[in-house]
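Just passing along the structure, written as structure tokens.
Throughout, a chain's letter reflects where its sequence line sits, starting with A, and its residues are numbered from 1.
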2 protein chains.
Amino acid sequence: MADAAESDRLSRVFSALADPTRRDMVARLTAGDATVSELGASYDVSLQAVSKHLKVLEDAGLVSRSRDAQRRPVHLEAEVFDLMTKWIERYREQAEERYRRLDSVLAAMDDQDRDEGAAS
Amino acid sequence: MADAAESDRLSRVFSALADPTRRDMVARLTAGDATVSELGASYDVSLQAVSKHLKVLEDAGLVSRSRDAQRRPVHLEAEVFDLMTKWIERYREQAEERYRRLDSVLAAMDDQDRDEGAAS
DNA sequence: GTTGTGCTCAACCAGATGGTTGAGCAAGGA
DNA sequence: TCCTTGCTCAACCATCTGGTTGAGCACAAC
């Protein structure tokens, strides 16, 4: 099933965004592409650590890297957000649907209580 | 700043959902509350492992647990989805906004190219 | 009170993760 | 050709994570 691959993808995306530094990098990249060292300047870690973070983001498909001489400009792949949004919305809607049903059940029980009260 | 706490919260939420078993538990809970052993029946792990997963979900605020005799019914806290959706939408919108600006810049450059082409 | 059920806590283990430093490669500039 | 810049790869380390088993607690039922 293709679902296993999608689940794996989703795991990598959520896992990538579980780190505040990487979330910040994503935020930074919405303002435009940046090189590794430009990105790294904002964080108090080695360039190698920055490079590792970018690899995680790249493996999750959140980011792509091209080549410009020695530089490796990083580009945000915003479509991946859709994957997350879809997952979240699916379950949010299911949960809300259930609450609606629950509400109507409670309302019905309430009606019955009142009827029974009237009958006694 | 309250932002540090929110970032921490967001990290816990994303991290909790990075695990496919926990995502599945959340999916399962949109259908209604369940006890620990009911949830655990679907997975090939010990009850203690299930309990640990639920603790992670609870710490992230995705789930709450009450008490019913020996049972600990698990309840989905769907509002947390909002936190994620907000984060995602914020950056998605920024990214899209940037693309729109970029498009108009490219369009302008294109116009100029055409003008220059006409002038030559 | 004793026994059974549902669950959690504690200790442990293997593997992943986030950081480090050191080495090295690829491309531009002297 | 050699040096510098921008970056990655490799090895290593501490900590976290997801799993295990064993012990034990809280409540129900007998």
Which listed nucleotide (D:dG18, C:dG6, D:dC7) is nearest to the side chain of B:Arg71?
->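 The listed nucleotide nearest to B:Arg71's side chain is C:dG6.
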Output yes when a side-chain donor or acceptor of A:Thr85 lies under 3.5 Å from a complementary backbone atom of A:Phe81, and no otherwise.
->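 Indeed, once roles are kept as given, a pair shorter than 3.5 Å links the two residues.
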Minimum-distance pair of heavy atoms, taken over all atoms of A:Gly61 and A:Val80 =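 In this case the closest contact between A:Gly61 and A:Val80 is O-CG2, 2.8 Å.
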Is there a donor-acceptor pair closer than 3.5 Å between any side-chain N or O of A:Ser11 and the backbone N or O of A:Ser7?
->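 Here the side-chain-to-backbone pair exists.
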For the residue pair A:Tyr91 and B:Thr30, what are the closest heavy atoms and their distance?
->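 In terms of heavy atoms, the two residues are closest at O-CG2, 3.5 Å.
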Name the residue closer to the 5' end of DNA chain C, choosing between A:Ser15 and A:Val45 according to the nucleotide with the nearest heavy atom.
->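 Result: A:Ser15.
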With sugar-phosphate meaning primed atoms plus P, OP1 and OP2, does A:Ala69 contact a base, only sugar-phosphate, or nothing at under 4.0 Å between heavy atoms?
->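 A:Ala69: backbone/sugar contact only, no base atoms under 4.0 Å.
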Proximity to the side chain of B:Asp19 - top-ranked nucleotide from D:dC27, C:dC7, D:dG18 =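 Closest of the options to the side chain of B:Asp19: D:dG18.
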Shortest side-chain distance from A:Val56, nucleotide among C:dG18, D:dT5, C:dT8 =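 Closest of the options to the side chain of A:Val56: C:dG18.
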Do any side-chain nitrogens or oxygens of B:Ser51 fall under 4.0 Å of OP1 or OP2 in C:dT8?
->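 Looking at the OP1 and OP2 atoms of C:dT8, one of them is under 4.0 Å from a side-chain N or O of B:Ser51.
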Take atom CG of A:Asp68 and atom C1' of C:dA27, then tell me their distance rounded to the nearest Å.
->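 In whole Å, C:dA27 C1' and A:Asp68 CG are 11 Å from each other.
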To the nearest 10°, let me know how far the axis at one end of the helix from C:dG1-D:dC30 to C:dA30-D:dT1 is tilted from the axis at the other, five pairs an end.
->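 Here the helix ends are tilted 10° relative to one another.
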Quickly work out the A:Leu57 CG to D:dT8 P distance and round it to whole Å.
->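 A:Leu57 atom CG is separated from D:dT8 atom P by 13 Å.
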Nearest listed nucleotide, side chain of A:Arg72, among D:dC7, C:dT8, C:dG28 =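 Looking only at side-chain atoms, A:Arg72 lies closest to D:dC7.
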Distance (rounded to the nearest 0.5 Å) between A:Thr35 OG1 and A:Arg71 CZ |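 Atom-to-atom, A:Thr35:OG1 and A:Arg71:CZ are 7.5 Å apart.
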Same cluster or not: are A:Val56 and A:Val13 linked, directly or through other Ile, Leu, Val, Met, Phe, Trp or Tyr residues, by side-chain heavy atoms under 4.5 angstrom apart?
->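 Different clusters.
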With a non-hydrogen cut-off below 4.0 angstrom, is A:Thr21 in contact with a base, only sugar-phosphate, or nothing?
->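 No contact.
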Nearest-nucleotide pick for A:Gln70, side chain only, options being C:dG18, D:dA26, C:dA27 =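 When the side chain of A:Gln70 is considered, C:dA27 is the closest of C:dG18, D:dA26, C:dA27.
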Would you confirm whether B:Arg12, through its side chain, and B:Asp59, through its main-chain N or O, come within 3.5 Å as a donor-acceptor pair?
->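 Side chain of B:Arg12 to backbone of B:Asp59, a donor-acceptor pair under 3.5 Å: yes, one is there.
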Round to a whole Å and report the spacing from CZ of A:Arg67 to P of C:dG28.
->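 The distance from CZ of A:Arg67 to P of C:dG28 comes to 9 Å, rounded to the nearest Å.
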Report yes or no: is there a donor-acceptor pair, N or O only, under 3.5 Å between the side chain of B:Gln48 and the base of D:dG18?
->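 It does not, because no donor-acceptor pair links the side chain of B:Gln48 to the base of D:dG18 below 3.5 Å.
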Under 4.0 Å between a side-chain N/O of A:Ser46 and OP1 or OP2 of C:dG19, yes or no?
->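 For A:Ser46, the contact criterion (side-chain N or O under 4.0 Å from OP1 or OP2 of C:dG19) is not met.
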Lys/Arg N to Asp/Glu carboxylate O, B:Arg9 vs B:Glu6, below 4.0 Å |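 Result for this pair is no, no salt bridge flagged.
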Could you give the CG-to-P distance, from A:Leu54 to D:dC9, as a whole number of Å?
->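 Atom-to-atom, A:Leu54 to D:dC9, this comes out as 12 Å.
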Proximal nucleotide (of C:dG18, D:dG6, C:dT8) relative to the A:Lys52 side chain |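 That would be C:dG18.
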Would you mind reading off the distance between B:Met25 atom CE and D:dG18 atom P, rounded to a whole angstrom?
->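 Between P of D:dG18 and CE of B:Met25: 11 Å.
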So, is A:His53 near the phosphate of C:dT17, with a side-chain N or O under 4.0 Å from OP1 or OP2?
->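 A:His53 to C:dT17 OP1/OP2: no side-chain N or O under 4.0 Å.
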Would you tell me if any nitrogen or oxygen in the side chain of B:Arg65 comes within less than 4.0 Å of OP1 or OP2 on C:dT8?
->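 Checking B:Arg65 against C:dT8: at least one side-chain N or O falls below 4.0 Å of OP1 or OP2.
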Please state how far atom CG in B:Asp33 lies from atom P in C:dG6, giving the value in whole angstrom units.
->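 After rounding, the reported distance stands at 18 Å.
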Please tell me which of the listed nucleotides, C:dC7, D:dC7, D:dG19, lies nearest to the side chain of B:Leu47?
->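 Nearest to the side chain of B:Leu47 among the choices is C:dC7.
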Roughly how many Å is it from NZ in B:Lys55 to P in D:dC16, rounded to a whole number?
->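 B:Lys55 atom NZ is separated from D:dC16 atom P by 15 Å.
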Nearest whole angstrom, please: distance from the P of D:dG18 to the CZ of B:Arg23.
->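 Checked: the CZ to P distance equals 12 Å.
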